[in-house]
Amino acid sequence: MAASCVRTVGSFLGKCGNCSSSLNTVTSQLSRQVLSRQICVSTALKKNLAAGGPEKFTVEFIQKQVEEFDIGKRHLANMMGEDPENFTQEDIDRSIAYLFPSGLFEKKARPLMKHPEEIFPKQRAVQWGADGRPFHFLFYTGKQSYYSLMHKLYSKILNIEKHQDRMRAKGLFSQDTKEISLDTSRWLTKEELEVLLVETISSNNYDRFIQLMERLLSMPYCNMEEEFVLHYRRPLEARSKKQMVPVPERDDKGVAFSTSDGRRKTSNSSVVLRDCGSGRITVNGQEYLHYFPVLQDREQLMFPLQFMGLLGRFDLQCTVSGGGRSSQAGALRLAISRALLSFLSEGEQETMRQAGLLTPDPRVRERKKPGQEGARRKFTWKKR
Amino acid sequence: SQSSEKHLGQFYTLPSAHFRPLFPHGLPYRYQQQVKTFNEACFMVRPPALEVISYLKKADYSKPALRYLFYGVKGSGKTMSLCHAVHFCYTQGWVVLHIPDAHLWVKNCKELLPSSYNSARFDQPLQATTWLRNFRTTNEHLLSQIKTKRRYVWTKRESTDEGRPLGELVNQGISRVKSSSDVVGALMKDLRLQSSQPGADFRLVVAVDGVNALWGRSTIKKENKSVDLEELTLIHNLKKLMKNDWTGGAIITTLSQTGSLYTPKSAYLPQELLGETGFDSMDPFIPVSVPNYSEKEFESAYLYYLDRKWLQHPQSRTEDGKKELSFLSSKNPSMLDRICGFL
């Protein structure tokens, strides 16, 4: 990191081009140990490195990174004994996770090896040539890529209208052409558009862009520009999954039974719910009265069945491990409610969900922090 | 009493005249409280007790005494069945030797005296006197009729001659605390000998609750040394009674895990609780299992509580409430009693 700092500093200074004195300070800083000790650097010459904005990477630098990445990828493939030609990003991730196993909880803090395009933020190359003339014709608008995009969009609209006129002239105009399916996608957000265009846009601009897109889509023959439009849409994430209902099976005697698991805090439990007709319960092979001598735990187990009014109908065979008395009871309760789902109708499942019987309890033990006695409790505060 | 199979699951009330003498000790504590609350003592007629009573009716009393053992999970009603059988014997006019809880004799002993009769053994005067008092209350009417067969010498000055009524022996034990354990031993021996004789006009029933204490371990310490069970007079005499070498009576016992020492909580079978020696000495015996309530019994208990207006909560009167109670208590009598206690 320090090296890259120096490099960026060097490149930044190189871009400016005329700070020979600052170069001197840089070299003198580097060779401080060798030459005379400079106690303080003159404030006029000292550059505030943070004021330069985010680090700027030159095009050559990025290219070099890309080359290094490719070479590294081949080395990695060699190391793992796989084919260097067909080494995909997934394979890279897998190999890195294998070679550098990390116990860190934060996934973003783990070692990663990705293509430089994804790591370094996209930056604009220099927009003007050696003679100082900018390349793009819209440079002096300030937001050149945004306005060029708007122009492109409008030209596409005009194209479609011309096409429509031609079809009308031929007499083949029809309203019901294939529509672009827009259900599973959404428009780019403003931030995403900024990232795409590598420049900032105001919310007004963004609204105008969306309006123009909508206008394009309202025209009959918009499927000509489908690919272009879809480039600016992102797929919606899948909706939250509906509760997976365990399938009731039949065992040899023809008794319908269903199995499900439940978890709470650190306990894991699994329950087999049989549709026999007696109300017997076995926990870990023992009598349920013996395993849960406390009334509260038994009430927890009873709650799902009592709520649906199916107390005496089922036979439970439970296994539970880990945790303490109360968390085992909670885990069993969740498992029972899940197993019960397969015997209930839709409306009853909905009532169970609303009663909170199907929600796994997210509360776990909070970590103890250093400098405090417990998770929240601080050490006794002494005034002096 | 009207105990027959027709009455399975129904309650029958003990007449209060019987209740006072019969059970000064021997009933579970919660049940005693219930009796006080309801002002009456009701037993439920259940299969284990009925079985034992039918055997008692049909047994041949010229043969050695039969041993019955009630066993079951905690709270399933063993002590209650024992008391039911004892009540039956009482109504038939037998002499009742009821030891409420043998575990009380092997733990928490405040006083331990070296025995006067046998110097190797230890006496427990307190427990012996309490028991003798209760024994006297139970068998008041019979004590005057039975006579001692031998002469007992307690100290240089005191002795009980042959032919004196047993009541005198008992009073002797109660008044002279020091020799009470020996009195107990003498009493047991006498009764045993007398009921074995063909001409005896009474039968003896020995009812011991928590019989597994006799072959377990004890926590009594004498000068920081744990006392062996053989060294306690009471236990020694009781074990002699347990042997079925006498005739003319019956031995009814229950196992109990609750008071027992050094046994795991999940043990309830005879083999586990009696241990090897216990099992061998009790062998052969008739084991009677006492299960939790069946559907019918549970309903009957529930209706009884309803009838006595013990269940005040409005929801407990509904069908759903009944199902809840059955689930929560898993039809265990003591659990049901505890849950209904705060409804």
Side-chain angles (χ1 to χ4, degrees), chain A residues 271-321 325-326 328-330 332-333 335-337 339-340 343-344 348 351-352 355 357, chain B residues 30 71-78 255-260 263-269 272-273 289-299 301-302 305 311 313-343:
Chain A
V271 161
V272 177
L273 194 78
R274 272 178 239 269
D275 196 357
C276 291
S278 64
R280 272 185 322 208
I281 307 188
T282 324
V283 181
N284 278 0
Q286 289 180 17
E287 271 298 321
Y288 133 90
L289 201 64
H290 203 265
Y291 198 80
F292 289 128
V294 182
L295 186 68
Q296 178 193 344
D297 303 334
R298 275 178 275 145
E299 279 179 353
Q300 287 283 302
L301 282 201
M302 186 181 75
F303 181 38
L305 302 171
Q306 183 217 8
F307 189 69
M308 309 315 305
L310 299 165
L311 266 180
R313 221 176 94 182
F314 293 100
D315 213 30
L316 298 174
Q317 184 191 336
C318 332
T319 40
V320 67
S321 61
R325 172 205 90 182
S326 197
Q328 279 184 348
L332 277 177
R333 182 181 112 169
I336 292 177
S337 345
L340 210 52
F343 292 101
L344 297 178
E348 291 176 340
T351 45
M352 265 187 104
L357 277 168
Chain B
R30 280 195 77 93
Y71 71 95
V73 286
K74 180 173 154 194
S76 60
K78 303 182 283 287
L255 290 179
S256 168
Q257 197 280 328
T258 351
S260 74
T263 47
K265 203 168 93 149
S266 51
Y268 72 96
L269 294 170
E272 297 162 346
L273 281 175
S289 114
V290 182
N292 284 333
Y293 281 155
S294 69
E295 286 287 340
K296 196 167 151 222
E297 291 173 341
F298 176 79
E299 263 214 49
Y302 173 75
Y305 283 129
L311 300 170
H313 199 277
Q315 219 218 328
S316 57
R317 292 189 203 128
T318 61
E319 225 359 83
D320 286 332
K322 197 167 103 179
K323 279 200 211 161
E324 267 181 51
L325 284 175
S326 130
F327 189 94
L328 279 180
S329 64
S330 98
K331 300 207 204 26
N332 186 297
S334 75
M335 269 296 142
L336 179 65
D337 179 44
R338 261 164 232 269
I339 299 178
C340 295
F342 44 78
L343 274 183

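Throughout, a chain's letter reflects where its sequence line sits, starting with A, and its residues are numbered from 1.
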Task: All ring-ring contact (aromatic ring centres under 6.0 Å, His included) counterparts of A:F343, not counting sequence neighbours - done: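 Testing A:F343 for ring-ring contact (aromatic ring centres under 6.0 Å, His included), a comparison that skips the adjacent residues, returns A:F314.
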
Open item on the list: If you compare all heavy atoms of A:L311 against all heavy atoms of B:F327, which two are closest, and at what distance to 0.1 Å?
Closed with: CD2-CD1, 3.6 Å

Which donor-acceptor pairs sit under 3.5 Å apart between chain B and chain A?
residue, atom, partner, partner atom, Å
B:K265, O, A:H290, NE2, 3.4
B:E324, OE2, A:Q306, NE2, 2.4
B:F327, O, A:Y288, OH, 3.3
B:L328, O, A:R298, NH1, 2.4

